[in-house]
Engineer: 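Dropping the structure in here first, questions after.
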Amino acid sequence: INTTAVVKISAFKDAHSIGKQYFLSFAFHKALNAKLSLTNPYDERYRAGGMNGLIDGVKGTDNFRDGSWQGYEGVDFEGVIDLGEEKEISKVSPRFFFDSNSWIFLPVKVEVSLSPDNINFSNAVTIDNNIPLKNSEILQKEFTAEFEKQKARFIKVKAESIKKCPDWHPGAGAGAWLMIDEIVVE
(Lines give C-alpha, C1' and ligand atoms only; values in the text may rest on other atoms or scores of the structure.)
Protein backbone atom coordinates (compact mmCIF):
# COMPACT_ATOMS: atom_id res chain seq x y z
CA ILE A 1 0.00 0.00 0.00
CA ASN A 2 1.44 3.35 -0.98
CA THR A 3 -1.60 5.63 -0.85
CA THR A 4 -4.54 6.37 1.45
CA ALA A 5 -6.77 3.32 1.27
CA VAL A 6 -9.31 1.11 3.00
CA VAL A 7 -8.44 -2.59 2.86
CA LYS A 8 -11.15 -5.22 3.29
CA ILE A 9 -9.95 -8.44 4.94
CA SER A 10 -11.84 -11.71 5.12
CA ALA A 11 -11.08 -15.41 5.54
CA PHE A 12 -11.97 -17.68 2.63
CA LYS A 13 -12.59 -21.39 2.25
CA ASP A 14 -13.19 -22.85 -1.19
CA ALA A 15 -13.68 -19.36 -2.69
CA HIS A 16 -16.38 -18.48 -0.13
CA SER A 17 -15.96 -15.77 2.49
CA ILE A 18 -16.34 -17.12 6.01
CA GLY A 19 -16.53 -15.31 9.32
CA LYS A 20 -16.46 -11.59 9.90
CA GLN A 21 -15.04 -9.10 7.40
CA TYR A 22 -12.65 -6.45 8.66
CA PHE A 23 -11.86 -3.05 7.22
CA LEU A 24 -8.48 -1.43 7.84
CA SER A 25 -7.88 2.22 6.98
CA PHE A 26 -4.49 3.61 6.08
CA ALA A 27 -3.80 7.34 5.77
CA PHE A 28 -0.78 8.70 3.94
CA HIS A 29 -0.17 12.28 5.03
CA LYS A 30 2.53 14.90 5.75
CA ALA A 31 3.19 13.80 9.35
CA LEU A 32 3.60 10.13 8.51
CA ASN A 33 6.44 8.80 10.71
CA ALA A 34 7.47 12.27 11.87
CA LYS A 35 8.39 12.72 15.55
CA LEU A 36 5.75 13.16 18.25
CA SER A 37 6.37 14.33 21.81
CA LEU A 38 3.66 13.99 24.45
CA THR A 39 2.96 16.05 27.59
CA ASN A 40 1.12 13.23 29.39
CA PRO A 41 2.04 9.57 28.97
CA TYR A 42 -0.50 7.22 27.43
CA ASP A 43 -1.77 4.22 29.38
CA GLU A 44 0.32 1.13 28.53
CA ARG A 45 -2.85 -0.90 27.95
CA TYR A 46 -3.76 1.35 25.03
CA ARG A 47 -0.47 2.32 23.40
CA ALA A 48 -1.37 2.30 19.66
CA GLY A 49 2.12 1.18 18.72
CA GLY A 50 3.98 3.54 21.06
CA MET A 51 5.27 7.09 20.85
CA ASN A 52 4.69 7.58 17.13
CA GLY A 53 1.58 5.41 16.94
CA LEU A 54 -0.57 8.48 16.26
CA ILE A 55 1.33 9.34 13.08
CA ASP A 56 1.96 5.86 11.65
CA GLY A 57 -0.78 5.95 8.98
CA VAL A 58 -2.95 3.27 10.64
CA LYS A 59 -6.45 4.34 11.63
CA GLY A 60 -8.30 2.59 14.44
CA THR A 61 -11.40 0.52 13.88
CA ASP A 62 -14.69 0.59 15.76
CA ASN A 63 -13.03 -1.60 18.43
CA PHE A 64 -10.94 0.49 20.85
CA ARG A 65 -9.02 -2.69 21.80
CA ASP A 66 -7.71 -3.20 18.25
CA GLY A 67 -4.23 -1.88 19.13
CA SER A 68 -4.56 1.32 17.08
CA TRP A 69 -6.10 3.55 19.77
CA GLN A 70 -3.99 5.40 22.33
CA GLY A 71 -5.67 5.87 25.72
CA TYR A 72 -5.44 8.58 28.39
CA GLU A 73 -7.33 8.14 31.66
CA GLY A 74 -8.39 11.27 33.54
CA VAL A 75 -5.93 13.61 31.77
CA ASP A 76 -5.84 15.83 28.71
CA PHE A 77 -4.01 14.90 25.53
CA GLU A 78 -1.27 17.23 24.33
CA GLY A 79 1.25 16.39 21.67
CA VAL A 80 3.64 18.23 19.38
CA ILE A 81 4.49 16.81 15.97
CA ASP A 82 7.90 17.70 14.54
CA LEU A 83 7.70 17.34 10.76
CA GLY A 84 11.51 17.60 10.52
CA GLU A 85 11.28 20.55 8.13
CA GLU A 86 8.77 23.23 7.25
CA LYS A 87 5.89 21.93 5.14
CA GLU A 88 2.80 23.62 3.76
CA ILE A 89 -0.16 22.82 6.04
CA SER A 90 -3.85 23.43 5.39
CA LYS A 91 -5.61 20.84 7.56
CA VAL A 92 -4.98 18.83 10.75
CA SER A 93 -7.48 16.12 11.75
CA PRO A 94 -7.00 14.22 15.03
CA ARG A 95 -9.55 11.44 15.47
CA PHE A 96 -11.15 10.34 18.75
CA PHE A 97 -13.26 7.40 19.91
CA PHE A 98 -16.55 7.57 21.83
CA ASP A 99 -18.20 4.77 23.81
CA SER A 100 -19.69 6.03 27.07
CA ASN A 101 -20.61 2.47 28.06
CA SER A 102 -16.85 1.77 28.18
CA TRP A 103 -16.16 5.09 29.98
CA ILE A 104 -14.62 6.59 26.81
CA PHE A 105 -15.67 10.16 26.03
CA LEU A 106 -14.89 12.66 23.31
CA PRO A 107 -12.83 15.70 24.24
CA VAL A 108 -14.66 18.84 25.33
CA LYS A 109 -12.64 20.70 22.71
CA VAL A 110 -9.54 20.30 20.58
CA GLU A 111 -7.05 23.06 19.82
CA VAL A 112 -4.55 22.88 16.96
CA SER A 113 -1.77 25.43 16.45
CA LEU A 114 1.28 25.74 14.22
CA SER A 115 4.87 26.89 14.76
CA PRO A 116 8.09 27.29 12.80
CA ASP A 117 10.30 26.85 15.91
CA ASN A 118 8.40 24.89 18.63
CA ILE A 119 8.34 28.05 20.76
CA ASN A 120 5.94 30.49 19.13
CA PHE A 121 2.67 28.74 18.27
CA SER A 122 0.03 30.74 16.44
CA ASN A 123 -3.09 30.51 14.32
CA ALA A 124 -4.79 28.33 16.94
CA VAL A 125 -8.02 26.75 15.76
CA THR A 126 -10.41 25.45 18.43
CA ILE A 127 -13.00 22.80 17.59
CA ASP A 128 -15.73 22.26 20.18
CA ASN A 129 -17.38 18.87 20.64
CA ASN A 130 -20.95 18.82 19.34
CA ILE A 131 -21.84 15.24 20.39
CA PRO A 132 -23.82 14.95 23.65
CA LEU A 133 -22.04 13.08 26.47
CA LYS A 134 -25.20 11.20 27.38
CA ASN A 135 -25.27 9.06 24.30
CA SER A 136 -25.08 5.28 23.83
CA GLU A 137 -23.57 5.35 20.33
CA ILE A 138 -20.12 4.02 19.55
CA LEU A 139 -18.43 6.36 17.11
CA GLN A 140 -15.23 7.88 15.84
CA LYS A 141 -15.04 11.65 15.38
CA GLU A 142 -12.47 13.81 13.62
CA PHE A 143 -11.89 17.26 15.08
CA THR A 144 -10.64 18.96 11.90
CA ALA A 145 -8.77 22.27 12.04
CA GLU A 146 -8.49 24.04 8.69
CA PHE A 147 -5.94 26.74 7.94
CA GLU A 148 -5.07 29.03 5.06
CA LYS A 149 -2.13 27.21 3.46
CA GLN A 150 0.98 28.09 5.44
CA LYS A 151 4.38 26.69 6.26
CA ALA A 152 5.04 25.12 9.64
CA ARG A 153 7.41 22.57 11.09
CA PHE A 154 5.65 21.94 14.43
CA ILE A 155 1.99 21.14 15.05
CA LYS A 156 0.52 21.19 18.56
CA VAL A 157 -2.67 19.27 19.27
CA LYS A 158 -4.41 19.74 22.63
CA ALA A 159 -7.56 17.83 23.55
CA GLU A 160 -9.39 18.70 26.75
CA SER A 161 -10.74 15.60 28.51
CA ILE A 162 -13.83 15.60 30.73
CA LYS A 163 -11.42 13.82 33.18
CA LYS A 164 -14.14 12.23 35.37
CA CYS A 165 -17.25 10.29 34.36
CA PRO A 166 -20.36 12.51 34.69
CA ASP A 167 -22.84 12.24 37.59
CA TRP A 168 -25.41 10.32 35.49
CA HIS A 169 -22.85 7.70 34.45
CA PRO A 170 -22.49 4.31 36.28
CA GLY A 171 -18.81 5.21 36.83
CA ALA A 172 -19.59 8.70 38.16
CA GLY A 173 -16.48 10.35 39.57
CA ALA A 174 -14.08 7.70 38.20
CA GLY A 175 -11.48 8.56 35.56
CA ALA A 176 -12.90 9.06 32.08
CA TRP A 177 -10.95 7.80 29.08
CA LEU A 178 -9.83 9.81 26.08
CA MET A 179 -8.92 7.63 23.07
CA ILE A 180 -7.11 9.04 20.03
CA ASP A 181 -5.72 7.37 16.94
CA GLU A 182 -4.28 8.98 13.80
CA ILE A 183 -3.50 12.71 13.56
CA VAL A 184 -3.75 13.33 9.81
CA VAL A 185 -1.86 16.36 8.49
CA GLU A 186 -2.60 17.69 5.02
Side-chain angles (χ1 to χ4, degrees), residues 6 19-27 29 31 36-81 91-114 121 123-147 155-186:
V6 176
K20 186 174 179 181
Q21 292 182 346
Y22 295 92
F23 296 87
L24 298 176
S25 296
F26 298 92
H29 55 89
L36 176 66
S37 56
L38 301 171
T39 301
N40 293 315
Y42 51 82
D43 188 288
E44 281 297 323
R45 292 172 286 179
Y46 305 106
R47 45 183 294 121
M51 279 303 290
N52 287 345
L54 302 181
I55 49 176
D56 64 0
V58 180
K59 288 188 170 185
T61 67
D62 59 0
N63 177 359
F64 68 91
R65 294 179 182 97
D66 70 4
S68 296
W69 292 96
Q70 204 166 81
Y72 297 81
E73 186 179 17
V75 296
D76 296 333
F77 170 85
E78 183 174 330
V80 176
I81 300 170
K91 189 191 301 190
V92 178
S93 301
R95 195 164 72 131
F96 296 86
F97 193 86
F98 178 77
D99 179 1
S100 65
N101 292 327
S102 297
W103 302 14
I104 303 168
F105 294 89
L106 292 171
V108 174
K109 64 182 177 183
V110 175
E111 182 180 286
V112 179
S113 53
L114 308 176
F121 283 87
N123 300 322
V125 174
T126 301
I127 307 97
D128 293 319
N129 178 33
N130 60 0
I131 305 291
L133 289 178
K134 200 169 188 177
N135 185 337
S136 60
E137 287 184 87
I138 296 173
L139 57 89
Q140 302 160 24
K141 178 172 174 50
E142 287 186 355
F143 285 73
T144 301
E146 296 193 57
F147 301 89
I155 302 164
K156 183 184 290 186
V157 177
K158 294 167 66 173
E160 183 182 326
S161 169
I162 67 168
K163 297 183 183 62
K164 301 279 184 197
C165 292
D167 291 341
W168 54 263
H169 192 271
W177 285 91
L178 189 65
M179 294 281 190
I180 181 173
D181 74 343
E182 196 70 8
I183 302 171
V184 175
V185 178
E186 299 175 74

Engineer: Kindly indicate whether the side chain of Leu38, heavy atoms from C-beta on, has any atom under 4.5 Å from the side chain of Met51.
Structural biologist: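 Touching, per the 4.5 Å side-chain cut-off.
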Engineer: Give, for atom CG of Leu106 and atom CZ of Phe98, the distance between the pair rounded to the nearest 0.5 Å.
Structural biologist: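 Reported to 0.5 Å precision, the distance equals 6.0 Å.
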Engineer: Using the side chain to side chain donor-acceptor pair (under 3.5 Å) definition, which of the options Lys59, Gln140, Arg95 pairs with Asp181?
Structural biologist: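 Output: one option passes, namely Arg95.
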Engineer: Which donor-acceptor pairs under 3.5 Å do the side chains of residues 159-166 make with protein atoms, sequence neighbours left out?
Structural biologist:
residue: Ser161; atom: OG; partner: Lys163; partner atom: N; Å: 2.8
residue: Lys163; atom: NZ; partner: Asp76; partner atom: OD1; Å: 2.7
residue: Lys163; atom: NZ; partner: Asp76; partner atom: OD2; Å: 3.3
residue: Lys163; atom: NZ; partner: Ser161; partner atom: O; Å: 3.4

Engineer: Find the distance between CZ (Phe105) and CE (Met179) and round it off to the nearest 0.5 Å.
Structural biologist: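 Between Phe105 CZ and Met179 CE, I get 12.0 Å after rounding to 0.5 Å.
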Engineer: List the residues meeting side chain to side chain donor-acceptor pair (under 3.5 Å) with Asp167, not counting sequence neighbours, and say none if there are none.
Structural biologist: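 Checked Asp167 against side chain to side chain donor-acceptor pair (under 3.5 Å); zero matches.
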Engineer: From Glu111 CD over to Thr126 OG1, what is the distance, rounded to the nearest 0.5 angstrom?
Structural biologist: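 So the gap between those two atoms works out to 4.5 Å.
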Engineer: Go through it in stages, so that I can follow the logic: the residues are Phe143 and Val112, the test is side-chain contact (heavy atoms from CB on, under 4.5 Å), and I'd like the CA-CA distance, side-chain angles, deciding distance and then a yes or no.
Structural biologist: CA-CA 9 Å; Phe143 285 73; Val112 179; over 6 Å; no
Engineer: Roughly how far, to the nearest 0.5 Å, is the CZ atom of Phe64 from the CG atom of Asp99?
Structural biologist: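 It comes to 6.0 Å.
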Engineer: Between Ile55 and Ile183, which heavy-atom pair has the shortest distance, and what is it?
Structural biologist: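 Smallest interatomic distance, heavy atoms only, reads CG2-O, 4.0 Å.
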Engineer: Quick check for you: to the nearest 0.5 Å, what is the distance between Leu54 atom CG and Ile81 atom CD1?
Structural biologist: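 Reported to 0.5 Å precision, the distance equals 8.0 Å.
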Engineer: Would you say the side chain of Ile180 lies within less than 4.5 Å of the side chain of Tyr72, judging by non-hydrogen atoms?
Structural biologist: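 They are in contact (side-chain heavy atoms under 4.5 Å apart), so the answer is yes.
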Engineer: If you define the side chain from C-beta out and look only at heavy atoms, does anything of Val108 sit under 4.5 Å from Asn129?
Structural biologist: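 They are not in side-chain contact.
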Engineer: If we only count heavy atoms from C-beta on, is the Pro107 to Phe77 side-chain gap below 4.5 Å?
Structural biologist: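 No, side chains not in contact.
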Engineer: Where the side chain of Thr61 meets the backbone of Asn63, is there a donor-acceptor pair that is under 3.5 Å apart?
Structural biologist: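 Side chain of Thr61 to backbone of Asn63, a donor-acceptor pair under 3.5 Å: yes, one is there.
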Engineer: Can you find a heavy atom in the side chain of Lys141 that is under 4.5 Å from one in the side chain of Asn130?
Structural biologist: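 Contact flag for Lys141/Asn130 side chains = yes.
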Engineer: Under the salt bridge (Lys or Arg N to Asp or Glu O under 4.0 Å) rule, collect the residues that match up with Glu137, sequence neighbours excluded.
Structural biologist: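 Testing Glu137 for salt bridge (Lys or Arg N to Asp or Glu O under 4.0 Å), a comparison that skips the adjacent residues, returns none.
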Engineer: Begin from the C-alpha positions of Trp177 and Tyr46 and carry the test ring pair (Phe, Tyr, Trp, His ring centres under 6.0 Å) through to its verdict.
Structural biologist: CA-CA 10 Å; Trp177 285 91; Tyr46 305 106; 5.2 Å; yes
Engineer: Return the CZ to OG distance between Phe97 and Ser68, rounded to the nearest 0.5 Å.
Structural biologist: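 So the CZ of Phe97 and the OG of Ser68 are separated by 11.5 Å.
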Engineer: Examine distances only and state if a side-chain atom of Glu182 and a backbone atom of Gly60 form a donor-acceptor pair shorter than 3.5 Å.
Structural biologist: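 Checking the backbone N and O of Gly60 against the side chain of Glu182, no donor-acceptor pair under 3.5 Å is found.
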Engineer: Is there side-chain contact between Phe121 and Val80, with at least one heavy-atom pair below 4.5 Å?
Structural biologist: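 When only atoms from C-beta onward are counted, Val80 and Phe121 do touch, with a gap below 4.5 Å.
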Engineer: Looking at Thr144 and Ser93, would you say the former's side chain and the latter's main chain have a donor-acceptor pair under 3.5 Å?
Structural biologist: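 Checking the backbone N and O of Ser93 against the side chain of Thr144, no donor-acceptor pair under 3.5 Å is found.
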